[in-house]
Amino acid sequence: MARRIDVTGTGGVRLAAWEFGDPPKTDPAGSDPARDVPDGSPGVLLLHGLMGRASHWASTARWLSGRYRPVALDQRGHGRSDKPPQGSFTRDAYVEDAEAALEQLGLAPVVLIGHAMGALTAWQLAAKRPDLVRGLIICDMRASALGAASQREWDQWFKSWPLPFATLADVRKWFGEDDPWVERPNPARGEFYAEVMAESPDGWRPVFDPEQMLRSRETWVYDAHWEELAQVRCPALVVRGLDGELGRAEAQEMVRVLPRGQYAEVADAGHLVHYDQPEAWRAAIEPFLDSLGGD
């Protein structure tokens, strides 16, 4: 059962953090339980990608909870966190939110695990605050600029969604089979998007605002992020799905640029590596986590 902890992000935005393992033991003196790390277990902060939510990490977090204190964050504009209409969705805002969450939850020095946009946030934070981060796992995120054409494609893709969906089964079918971006049936993708839908009076709609997602995305798609990778001092693992968005050559160049980079790939996985193939994902990251030890 997930336990929610509210934290305050930059600009006062309320963020929902979630613990999917056993709740932490509280201090009998009555300190804030959100700051108590169970048995001194090292912290892990899990950051979802664009349109994702903390629950997409539930399987990974429960697996990690035997050795770590894993917390997954609903980032601003996502999940149960605030979605301020006039709020900031810049790179700085996302990074500062994660930084604030680490400090308020008492997780540092932490292992950061990020997927897609969440991975970019993770390596930007690791570059900015090396004192807070002891290890970094980057899951299927490119360091190169994607450009204006990519942003236009995403705008058109959002407009193609047949909203509202009548049922969750319709959500699963469209994103798992009928979406033009799907090359072959992918039930895991359908389930992924079913988790980010909520029932409204006229049917099922996303829990996020697509315009806010585009605003978030436009703050990073036009720029390359190699320089920030080079500033990451801690051990870092780059993981790609064999059929994901991060190509092998670029992934290996990211490993080369990272001062302490390592590489892993997951067969039979697309962009949603941790969701497509959870057991293979765990097998890919476990040796890296073991290697951190007391680093």
Side-chain angles (χ1 to χ4, degrees), residues 1-4 16-21 46-63 70 72-83 113-119 139-141 150 152-217 241-245 266-282:
M1 184 173 181
R3 172 176 177 263
R4 173 174 171 168
W18 301 87
E19 288 187 314
F20 291 91
L46 299 134
L47 299 172
H48 60 73
L50 191 73
M51 301 179 295
R53 66 186 307 170
S55 63
H56 287 142
W57 288 115
S59 174
T60 297
R62 291 191 178 105
W63 170 68
L73 184 68
D74 276 336
Q75 296 170 81
R76 61 176 52 217
H78 296 76
R80 298 286 184 86
S81 290
D82 284 350
K83 305 166 181 66
I113 303 178
H115 172 246
M117 182 191 74
C139 179
D140 215 66
M141 179 61 187
S150 173
R152 287 194 298 270
E153 288 173 2
W154 273 70
D155 186 19
Q156 293 165 4
W157 178 58
F158 277 130
K159 290 174 180 174
S160 76
W161 293 12
L163 296 174
F165 292 96
T167 68
L168 278 179
D170 291 330
V171 173
R172 295 184 182 99
K173 184 175 187 301
W174 196 82
F175 287 101
E177 300 177 26
D178 300 338
D179 182 349
W181 283 17
V182 176
E183 295 181 359
R184 57 181 180 273
N186 186 342
R189 189 174 188 269
E191 291 294 341
F192 183 94
Y193 282 96
E195 282 196 51
V196 295
M197 296 288 160
E199 192 170 16
S200 60
D202 61 349
W204 292 83
R205 294 180 177 275
V207 298
F208 52 79
D209 179 350
E211 285 301 317
Q212 290 185 348
M213 299 300 98
L214 287 172
R215 283 167 55 196
S216 298
R217 195 173 187 271
L242 205 59
D243 298 316
E245 295 180 10
V266 178
D268 300 320
H271 178 56
L272 308 175
V273 182
H274 59 299
Y275 210 83
D276 283 348
Q277 299 291 339
E279 292 185 6
W281 155 252
R282 293 171 201 157

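Quick note: numbers below take in every heavy atom, side chains included, and nothing from hydrogens, waters or symmetry partners.
Using a 4.5 Å heavy-atom cutoff, the side chains of Phe192 and Asn186 are not in contact. Inter-residue side-chain proximity for Tyr275 and Glu191 is flagged as met; some heavy-atom pair is nearer than 4.5 Å. Looking at heavy atoms from C-beta onward, His115 lies out of side-chain contact with His56 at the 4.5 angstrom threshold. Inter-residue side-chain proximity for Thr60 and Pro70 is flagged as unmet; no heavy-atom pair is nearer than 4.5 Å. No side-chain heavy atom of Asp276 sits under 4.5 Å from any side-chain heavy atom of Asp268. Two residues are said to be in side-chain contact when any heavy atoms from C-beta on lie closer than 4.5 Å; Met51 and Val196 fail this criterion. Proximity of Lys173 to Asp178: side-chain heavy atoms (C-beta onward) are separated by under 4.5 Å at one or more points. In this structure the side chain of Cys139 reaches within 4.5 angstrom of the side chain of Trp281, judged on heavy atoms.
Residues His48 and Ala54 come closest through the heavy atom pair CD2-N, 3.7 Å. Residues Leu168 and Ala194 come closest through the heavy atom pair CD2-O, 3.9 Å. Phe20 and Trp18 make their closest contact through CE1-CB, 3.6 Å (heavy atoms, listed as atom of the first residue, atom of the second, distance). When all heavy atoms are compared, the tightest approach of Ala267 to Gln277 is O-CG, 3.9 Å. Scanning both residues, Ala166 and Trp204, for their nearest heavy atoms gives O-CD1, 3.5 Å. Heavy atoms only, all atoms of each residue included: His78 and Lys83 are closest at O-NZ, 3.9 Å.
The side-chain contact (heavy atoms from CB on, under 4.5 Å) with Asp209 is formed by just one residue from the set Met213, Arg205, Gln212; it is Gln212.
The backbone N or O of Ala58 lies less than 3.5 Å from no partner atom in the side chain of Ser55, so there is not a single donor-acceptor pair. With hydrogens and angles disregarded, a donor-acceptor distance shorter than 3.5 Å links the side chain of Arg53 to the backbone of Glu195.
Separating the CG atom in Asp179 from the CZ atom in Arg189 is a distance of 4.5 Å, to the nearest 0.5 Å. If you take CG on Leu214 and CH2 on Trp157, they are separated by 10.0 Å, rounding to the nearest 0.5 Å. To the nearest 0.5 Å, atoms CG (Leu47) and CE (Met141) are separated by 12.5 Å. Separation of atoms CG (Asp243) and CG (Leu272) is listed at 12.0 Å; rounding is to 0.5 Å.
Checked against the 6.0 Å centroid criterion, the rings of Phe165 and Tyr193 do not qualify as a close aromatic pair.
Under the 3.5 Å distance criterion, with hydrogens and angles disregarded, a donor-acceptor pair is assigned to the side chains of Arg282 and Ser59.
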